Amino acid sequence: MKILIVDQDGLASKMMASKFVESCHSVLEQPAKDKAVDMLAESNFDMVILDPTPLTSPRPLILNARRT
């Protein structure tokens, strides 16, 4: 399974990625939300884990990701 983790907190994303890699999944980490949306447009992912902080409203980001 191909997984994209979008989180500015490097430690948290590394901890999540290590658990998925142990289960033989392919994991990509991206701290920048706009670059993550570009990655979604270029490639298919089975799962996307998105930490919307520090956004006050994550809705525009989610809608933009769904459009791609």
Side-chain angles (χ1 to χ4, degrees):
M1 184 167 18
K2 192 171 178 183
I3 302 169
L4 175 63
I5 299 176
V6 184
D7 194 350
Q8 288 182 347
D9 183 6
L11 181 60
S13 64
K14 294 270 187 238
M15 288 176 60
M16 283 188 282
S18 69
K19 298 295 181 187
F20 288 120
V21 170
E22 286 177 6
S23 301
C24 300
H25 298 295
S26 172
V27 179
L28 294 173
E29 300 174 46
Q30 181 56 253
K33 291 168 182 57
D34 56 340
K35 289 183 183 177
V37 172
D38 293 340
M39 290 175 70
L40 288 171
E42 295 172 2
S43 178
N44 291 330
F45 291 94
D46 298 311
M47 181 189 302
V48 178
I49 299 172
L50 174 67
D51 179 19
T53 57
L55 299 175
T56 56
S57 175
R59 183 179 174 142
L61 176 65
I62 300 299
L63 290 176
N64 194 12
R66 285 187 64 180
R67 280 187 210 120
T68 60

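No experiment lies behind these values; they were computed from the predicted model shown.
Partners of Arg59 by side-chain contact (heavy atoms from CB on, under 4.5 Å), not counting sequence neighbours, listed by chain and number: Ser57, Leu63. In this structure Lys2 satisfies the salt bridge (charged side-chain N to carboxylate O under 4.0 Å, His left out) test with no other residue, sequence neighbours excluded. Under the rule for a side-chain contact (heavy atoms from CB on, under 4.5 Å), Asp38 has no partner lying at least two apart in sequence or in another chain. Residues passing the side-chain contact (heavy atoms from CB on, under 4.5 Å) test with Ser23 are His25, sequence neighbours excluded.
The minimum heavy-atom distance between Pro31 and Gln8, with the atom names listed, is O-CG, 3.5 Å. Summarising the geometry of Leu4 relative to Ala36, their closest heavy-atom pair is CD2-O, 4.1 Å, with the distance given to 0.1 Å.
Members clustered with Leu11: Met15, by chain and number, using a 4.5 Å side-chain heavy-atom cutoff among hydrophobic residues. Taking Ile, Leu, Val, Met, Phe, Trp and Tyr as hydrophobic and joining them when side-chain heavy atoms fall under 4.5 Å apart, one finds Met16 in a cluster with Met1, Ile3, Ile5, Phe20, Val21, Val27, Met47, Ile49.
With Val6 as reference, Leu50 is the one residue of Leu50, Leu61, Asp51 to meet the side chain to side chain contact (heavy atoms under 4.5 Å, CB included) rule.
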